[in-house]
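By convention in this document, chain letters (A, B, ...) are assigned in the order of the sequence lines, proteins followed by strands, and residues within each chain are numbered from 1.
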4 protein chains.
Amino acid sequence: MEEILTLAVDLGKEAAKKGFPATYIPELAKSDPSDVGVCMVNLDGEIFGYGDFLKPFTLQSITKVITLLLALEDLGEEEVFTHVHMEPTGDPFNSIMSFEMKNPEKPFNPMINAGAMIVTTLIKGNSAQEKLQRILDFTTKLTGNPQTTLHMEVYLSEKETGNRNRSLAYFMKSTGMMKGDVEETLDLYFLQCSILGTAKDVATIGAVLAGNGIQPFTKERVLSKAHARIAKTIMTTCGMYDASGEFAVTCGIPAKSGVGGGVLASVPNKFGIGTYGPSLDLKGNSLAGTTILEFLSRTLDLSIF
Amino acid sequence: MEEILTLAVDLGKEAAKKGFPATYIPELAKSDPSDVGVCMVNLDGEIFGYGDFLKPFTLQSITKVITLLLALEDLGEEEVFTHVHMEPTGDPFNSIMSFEMKNPEKPFNPMINAGAMIVTTLIKGNSAQEKLQRILDFTTKLTGNPQTTLHMEVYLSEKETGNRNRSLAYFMKSTGMMKGDVEETLDLYFLQCSILGTAKDVATIGAVLAGNGIQPFTKERVLSKAHARIAKTIMTTCGMYDASGEFAVTCGIPAKSGVGGGVLASVPNKFGIGTYGPSLDLKGNSLAGTTILEFLSRTLDLSIF
Amino acid sequence: MEEILTLAVDLGKEAAKKGFPATYIPELAKSDPSDVGVCMVNLDGEIFGYGDFLKPFTLQSITKVITLLLALEDLGEEEVFTHVHMEPTGDPFNSIMSFEMKNPEKPFNPMINAGAMIVTTLIKGNSAQEKLQRILDFTTKLTGNPQTTLHMEVYLSEKETGNRNRSLAYFMKSTGMMKGDVEETLDLYFLQCSILGTAKDVATIGAVLAGNGIQPFTKERVLSKAHARIAKTIMTTCGMYDASGEFAVTCGIPAKSGVGGGVLASVPNKFGIGTYGPSLDLKGNSLAGTTILEFLSRTLDLSIF
Amino acid sequence: MEEILTLAVDLGKEAAKKGFPATYIPELAKSDPSDVGVCMVNLDGEIFGYGDFLKPFTLQSITKVITLLLALEDLGEEEVFTHVHMEPTGDPFNSIMSFEMKNPEKPFNPMINAGAMIVTTLIKGNSAQEKLQRILDFTTKLTGNPQTTLHMEVYLSEKETGNRNRSLAYFMKSTGMMKGDVEETLDLYFLQCSILGTAKDVATIGAVLAGNGIQPFTKERVLSKAHARIAKTIMTTCGMYDASGEFAVTCGIPAKSGVGGGVLASVPNKFGIGTYGPSLDLKGNSLAGTTILEFLSRTLDLSIF
């Protein structure tokens, strides 16, 4: 396994040369594009890591899986899906035009920004502060890490430059899709995006999903089997932005990427995989991440199809 | 003439029964749908009014003509049209999807909300307060009224419910189209929309345009001929929302409507016409206004074509 | 006047260097981009021409005005506008997406390809052959030329490569907008587009419109005043493709261009203008034509606004 | 198993009451909406059927899987995917506007009509007749049936009314996406859609995919493992029209539906499932089919996630 991961990281480093870290959030542009790491966590809690797999990065869109799971645990499947649909779109993650064109009653899925913001409004809590604390605590429960922290510079950077998300949110407010205070929701969303984690943390979350809700270190059930399955399904159809269909064909593993450079992957009944590599392709997916996952899928025959 | 205007108002009252005042701004919904007035002001400053032509209403989108004129006087044609285009769109006034779809470098024209907001950012002034004062002073100069005031309830109502405009503004901010502070611009835009005027005031502005820039009461030049012509042209192609093409065929007079119920019309070299009637059709145009203008155009052969 | 037209043609020749003839119809690509001509015909039938104003070219989209007028004369305003709307769109002339997006019951206006095809289906006649003959006879009546002929190579070239128009037509057939045999209608439409005319012919048509329906040479009424007015109005709002709004501002004369290089313009109550110059800008308008018309409008103060 | 299938068909019959057979192809509208059948074929070639599982119906969009597989076998993965992408779209199956809006170089995926038509043009053969024969022979190889036949009335009905598909095809021809003669391709596509099969046949194709390319009755390899996997993957992300995402969540089985009322499903390494029931929901999926598959997935825990 060590040999395979070493080779995987080498391939990832090579692929990373073809892209750049995200530039639309100035703070993210400072990431070192040559950082590459991979980690696998199996259902027994065994950890196999190589490269920069203990280097923290902001989880960004990977938190869309975390808040979807928390909302499902808070409210149940039926209630959550009255507020957000589960259909892939083929549109970029920050697209707004389909709202005007198709006039839907809810965002298309929880993995695009619009849907993720709506999911965030569903999290239980009497205040934004309490909601944030619950998201952090739930992340801690998933990763088994003693503490989950935020990258305040990235948060502030995103808050300052997040006008497209602001536009999306006010659009949803204007149609009645979004309830509550828009700026408060945006603030919570930007905070959530700046949650820090490592490839190991992300692999652990993948292991929870692979194990149908059982945390691999504590053996504690932290999710229902049904909710773990929903997450894996939506990751497959919508998790890699508008390259989800291609990734399903070339890799065949449920996965969710973030512009911070991480990818969360889950091989059902086997293990979770986390990758890190901040150099992105044009769709916003980590070049090292997709390269490593395709290599592992091919080498270890991991496709679910 | 009195007979014609009497008949026009009667037709307008009848037409008004087929619609309702704007409801998306709660304060506007309180307007009396049976109010109908018309006024004509010729180049000699003679005034012919009938019905509720002295009843004040908020000018709303009619102010898009005022700020376009002020920006043209402030900066000149060339500079203004580097920031906003002059093409009709066929889209609703608050449409946002064309921005994402066509990725233009500037809004399509100054008569849709997006373009009007950009025009507002161009008005000279060291502060929002100073810009507002200059818009009010310029309106006073056009109408010849001693004072131009605002309807504060409508302003506050619009500010509270203006999330679609907020979405538009943040979208333009995210692409770099909109400079400066978004909330300050929105605030100034909502204030501008709440400027009060009567059908007589609006007719007077129309007379200024008809007279190629000469105020009909004071005989003072308040606009260059070129700018008056630009306003009349853009009113013709884009002034009546996405019914501009049809209005050009049925009426043939440069005109701009507002959801407050007013319509500003200008018959080149002849006179200005102002109408009031808050009951709107589905496109947002005053039912009484379009009916009266079509009747006057037919009866007095006013089409420019 | 001769001096002015000489200068106009010189400016046109200069402008023509910035573009190329239409390439999407192979036969059109063979035009000589340095050909430039202009002609004015006043209501007394006086002709002022300069440059290549007697060189025949295919009228292409200029025939959209001719068939609109014939359909209006055949069926009346009310009937025609139950089949086609009169709203500018801001979309390219061959756009199809708005049909799917907005699901309209009829094409947006008779100056885009979709609308023009529908207008062609409205022309009276028991067969395609008879309809074509009626279009040719009506063109002869407008231009006062003894005979109107077709450019068969351009027709065949357009028929062979007209797949986008074929796509548009079958879309309209599928929604029920287009009646009758699609291939027959397309054939008639391609034939119509290949009608030959000169800048003088086009100027004469402009003079008929300027004179409210009176042919300037024969003094015969060939159109009702109302229909002449409708044509001038729709030319103003929709005649210059998706540059109609800008052309209205910079020139202010009702005009219709064709990708064959011609522009038909009409100055109400004064004269018609025809221009020829096959080098086109990116929107499909003749560079020489728009340059000449803007120059004449400015020099002779021809704007209708 | 018999008990489960009996119950499944009962549930399917109940669900079928909420819809109607496809009406856009007149011949399909004649189907009996109360027909419901299900069949399972495992990797050993054992057959479990209930209800109308031997009643032939036209495979329609299910043939998109067949031609994709044949094209993959003919040309290989790399070549096929230079002509068609593999991304879900969220648009209806006959959507055309994304082509104009996003100007892609190839259709979005092989399960929408545009992509399927392109795949059909890739099938090897010196004539349309030879290509059709190869598609029929390949279908025979997959189903193990001695003969594959066509429903000529449905073919003719579809050919006559298929103007939306004609529009799509000519659009792709105009952009250069579609090679060859359009009418010939459309004819072949309509013929392909009218291929007849039963729920048992469809289940057998599902079993071939489940068995990674081995025909369950003959034990012959009829497909490479890689191509079987690609088909299952694309069925999961794009197989159930614009309800694919929801079906993945509620059922979790790779599946492809057709408006003829069939659904082809494949449970990897286990068995194929075929269902029949011509009453459709608003997205075009068989109501009995989706109901039966969700029931079987839940009861037998078949989700791949």
Side-chain angles (χ1 to χ4, degrees), chain B residues 72 77 80-81 84-92 95 97-98 101-102 104 107-112 115 209-210 212 225-254 266-269 283 297-298 301 303-305, chain C residues 72 77 80-81 84-92 95 97-98 101-102 104 107-112 115 209-210 212 225-254 266-269 283 297-298 301 303-305:
Chain B
L72 285 168
E77 179 181 348
V80 168
F81 291 115
V84 64
H85 207 49
M86 35 187 146
E87 221 45 59
T89 68
D91 293 327
S95 182
M97 69 182 175
S98 291
M101 209 184 301
K102 303 185 179 174
F108 299 100
N109 69 66
M111 297 294 116
I112 54 170
L209 297 175
N212 294 309
K225 178 177 176 182
H227 298 161
R229 182 170 272 174
I230 288 171
K232 282 177 283 184
T233 308
I234 293 180
M235 286 159 67
T236 302
T237 53
C238 316
M240 301 298 278
Y241 303 120
D242 43 326
S244 300
E246 187 172 357
F247 186 78
V249 168
T250 55
C251 186
I253 302 174
S266 176
V267 186
N269 305 311
K283 303 286 178 92
S297 174
R298 217 168 42 243
D301 197 22
S303 168
I304 61 172
F305 298 104
Chain C
L72 285 168
E77 180 181 348
V80 167
F81 291 115
V84 63
H85 207 50
M86 36 188 146
E87 219 47 57
T89 68
D91 293 327
S95 183
M97 69 182 175
S98 291
M101 209 185 302
K102 302 184 180 174
F108 298 101
N109 69 65
M111 298 293 116
I112 55 171
L209 297 175
N212 293 310
K225 179 178 176 182
H227 298 161
R229 183 171 271 173
I230 288 171
K232 282 177 281 184
T233 308
I234 293 179
M235 287 158 68
T236 302
T237 53
C238 316
M240 302 298 277
Y241 303 120
D242 43 326
S244 300
E246 187 171 357
F247 186 78
V249 168
T250 54
C251 186
I253 302 175
S266 176
V267 186
N269 306 311
K283 302 287 178 92
S297 174
R298 216 169 41 244
D301 197 24
S303 169
I304 62 172
F305 298 104

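Across all their heavy atoms, C:T233 and B:V249 have their closest contact at CG2-N, 3.5 Å. Shown here for B:G245 and C:P88, the closest heavy-atom pair between the two residues is CA-CD, 3.7 Å. Residues C:F305 and B:P254 share a closest heavy-atom pair of CD2-CG, 4.4 Å.
Annotation: maximal heavy-atom pairing with chain C below 4.5 Å, among B:N109, B:I234, B:L209, B:T89, occurs at B:T89. Residue with the most contacts toward chain B among C:C238, C:A243, C:A210: C:A243 (heavy-atom pairs, distance under 4.5 Å).
For C:M235, no part sits under 4.5 Å from any heavy atom of chain B, backbone or side chain.
Put simply, the side chain of C:E87 gets close to the backbone of B:E246: a donor and an acceptor are under 3.5 Å apart.
Distance OG/C:S303 to CD1/B:I230: 10.0 Å, rounded to 0.5 Å.
Every side chain to side chain contact (heavy atoms under 4.5 Å, CB included) that C:D301 has, sequence neighbours left out, goes to B:K225, B:R229.
Listed by first and then second residue, the side chain to side chain donor-acceptor pair (under 3.5 Å) pairs that reach into residues 234-245 of chain C are C:S61-C:Y241, sequence neighbours excluded.
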